[in-house]
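Everything on this sheet refers to the single structure shown next.
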Amino acid sequence: QVQLVESGGGLVQPGGSLRLSCAASGRNFNYYNMGWFRQAPGKERDVVAVISWSSGATYYADSVKGRFTISRDNTKNTVYLQMDSLKPEDTAVYYCNADRDYNKMTRQPVDDYDYWGQGTRVTVSS
């Protein structure tokens with residue numbers, strides 16, 4: 001069993017930065033691929049970024065490539081999402097998720113993952 005708790009969301013101006021964190025508790029965190037997906041008001045859930053259990057592979061949605069960076073620290077059981085050059089269209093609730101199937105995590109639509117958190121809200125507005 002893995003529990004995920006996101007933090008770091010908030011209000012930021014266009015062009016600004018935020019870093020989201022996802023703290024995992026429970027057993028075997030190191031064996032799970034981790035990722036972030038988001039859901040904007042009235043829209044479907046979208047995959048944002050994924051990182052493999054060993055940090056050897058990463059995936060980014062085209063909409064965030066070059067602006068967002070996913071990383072993980074297995075010694076702290078934490079995964080991060082550094083978001084730079086934020087745009088109003090990045091406004092959404094961001095969810096951390098964990099799954100044993102890396103390829104599933106990179107596919108749209110968002111699937112039923114092994115675990116996911118309660119989400120943290122990001123608002124990009126002037």
Side-chain angles (χ1 to χ4, degrees):
Q1 190 77 9
V2 175
Q3 293 82 39
L4 304 174
V5 179
E6 304 95 336
S7 62
L11 173 64
V12 62
Q13 292 186 343
S17 298
L18 279 176
R19 188 174 83 153
L20 306 183
S21 299
C22 173
S25 60
R27 298 174 58 184
N28 300 324
F29 167 79
N30 292 358
Y31 299 131
Y32 281 90
N33 305 295
M34 301 295 296
W36 294 88
F37 66 92
R38 67 187 181 187
Q39 187 166 25
K43 296 189 177 181
E44 294 185 346
R45 296 179 294 178
D46 288 329
V47 174
V48 175
V50 183
I51 187 165
S52 65
W53 66 272
S54 66
S55 300
T58 56
Y59 167 86
Y60 296 94
D62 288 342
S63 59
V64 306
K65 203 171 292 183
R67 300 187 298 121
F68 290 12
T69 304
I70 189 170
S71 61
R72 65 189 293 166
D73 185 341
N74 287 347
T75 65
K76 297 181 179 179
N77 282 12
T78 301
V79 62
Y80 305 97
L81 185 68
Q82 177 66 41
M83 306 187 295
D84 299 318
S85 302
L86 282 161
K87 304 175 181 180
E89 51 263 44
D90 294 317
T91 295
V93 177
Y94 284 71
Y95 299 87
C96 174
N97 60 308
D99 202 281
R100 289 159 289 181
D101 187 338
Y102 178 86
N103 289 330
K104 181 176 79 172
M105 297 179 74
T106 68
R107 287 195 297 260
Q108 284 286 142
V110 166
D111 209 326
D112 187 15
Y113 304 120
D114 289 341
Y115 303 102
W116 60 92
Q118 294 300 308
T120 185
R121 185 174 301 275
V122 172
T123 303
V124 184
S125 175
S126 55

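The chain is numbered in sequence order, starting from 1. Keep in mind that what you see is a predicted model, and the values were worked out from it rather than measured.
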(message) If hydrophobic clusters are built by linking Ile, Leu, Val, Met, Phe, Trp and Tyr wherever their side-chain heavy atoms come under 4.5 Å apart, do Val122 and Val93 end up in the same one?
(response) no
(message) Using the rule given for side-chain contact (heavy atoms from CB on, under 4.5 Å), can you reason through Glu6 versus Leu20, listing the C-alpha separation, both sets of side-chain angles and the distance that settles it, and then say yes or no?
(response) CA-CA 7 Å; Glu6 304 95 336; Leu20 306 183; over 6 Å; no
(request) Calculate, to the nearest 0.5 Å, the distance between atoms CD and CG belonging to Gln1 and Asn28 respectively. (result) 11.5 Å
(message) If you count heavy atoms of other groups shown closer than 6.0 angstrom to CD of Gln108, is the number above 12?
(response) yes
(message) Evaluate Tyr80 against Asp73 for side-chain contact (heavy atoms from CB on, under 4.5 Å), listing each step before the verdict.
(response) CA-CA 8 Å; Tyr80 305 97; Asp73 185 341; 4.2 Å; yes
(message) Applying side-chain contact (heavy atoms from CB on, under 4.5 Å) to Phe68 and Leu86, what does each step give before you reach the verdict?
(response) CA-CA 9 Å; Phe68 290 12; Leu86 282 161; 3.8 Å; yes
(request) Flag the pair Trp53 / Arg100 as yes when at least one side-chain heavy-atom distance between them is below 4.5 Å, and no otherwise. (result) no
(message) Is it the case that atom CZ in Arg107 sees more than 12 heavy atoms from other parts of the structure closer than 6.0 Å?
(response) yes
(message) Does any part of the side chain of Arg38, heavy atoms only, come nearer than 4.5 Å to the side chain of Val64, both counted from C-beta?
(response) yes
(message) I'd like to know if Leu81 and Val2 are part of one continuous hydrophobic network [Ile/Leu/Val/Met/Phe/Trp/Tyr, side-chain heavy atoms within less than 4.5 Å].
(response) yes
(request) Identify the heavy atoms of Gly35 and Ile70 that sit nearest to each other, and give their distance. (result) CA-CD1, 4.1 Å
(request) For a salt bridge (Lys or Arg N to Asp or Glu O under 4.0 Å) with Lys104, tell me which candidate from Asp111, Asp99, Asp112 qualifies. (result) Asp99
(request) Of all the heavy-atom pairs spanning Leu4 and Cys96, show the shortest one and how long it is. (result) CD1-O, 3.7 Å
(request) Answer yes or no for Arg72 and Tyr32: cation-pi contact, defined as NZ/CZ to six-membered ring centre under 6.0 Å and angle to ring axis within 45°. (result) no
(request) Treat each ILVMFWY residue as a node, draw an edge where side-chain heavy atoms are under 4.5 Å apart, and state whether Met105 and Tyr95 are in one component. (result) yes
(message) Within the structure provided, determine whether Asp101 and Asn33 are in side-chain contact (heavy-atom separation under 4.5 Å).
(response) no
(request) Among Asp62, Asp84, Asp90, find the one that has a salt bridge (Lys or Arg N to Asp or Glu O under 4.0 Å) with Arg67. (result) Asp90
(message) Does atom CD (Glu44) have a neighbourhood of more than 12 heavy atoms from anything else shown, all under 6.0 Å?
(response) no
(request) Please lay out, stage by stage, how Met34 and Phe29 fare under the test side-chain contact (heavy atoms from CB on, under 4.5 Å). (result) CA-CA 9 Å; Met34 301 295 296; Phe29 167 79; 3.7 Å; yes
(message) Quick one, Trp36 and Val79 - any side-chain contact, counting heavy atoms below 4.5 Å?
(response) yes
(request) Please report the closest heavy-atom contact between Pro14 and Ser125, naming both atoms and the distance. (result) CD-C, 3.6 Å
(request) Report the residue from Tyr94, Trp116, Tyr113 that forms a ring-ring contact (aromatic ring centres under 6.0 Å, His included) with Phe37. (result) Tyr113
(request) Find out if a path of hydrophobic residues (ILVMFWY) with successive side-chain heavy-atom gaps under 4.5 Å connects Ile51 to Tyr60. (result) yes
(message) As an exercise, state the distance from CZ of Arg121 to CG of Leu11, rounded to the nearest 0.5 Å.
(response) 12.0 Å
(message) Using the rule that Ile, Leu, Val, Met, Phe, Trp and Tyr join whenever any side-chain heavy atoms are under 4.5 Å apart, tell me whether Val124 and Met83 fall into a single cluster.
(response) yes
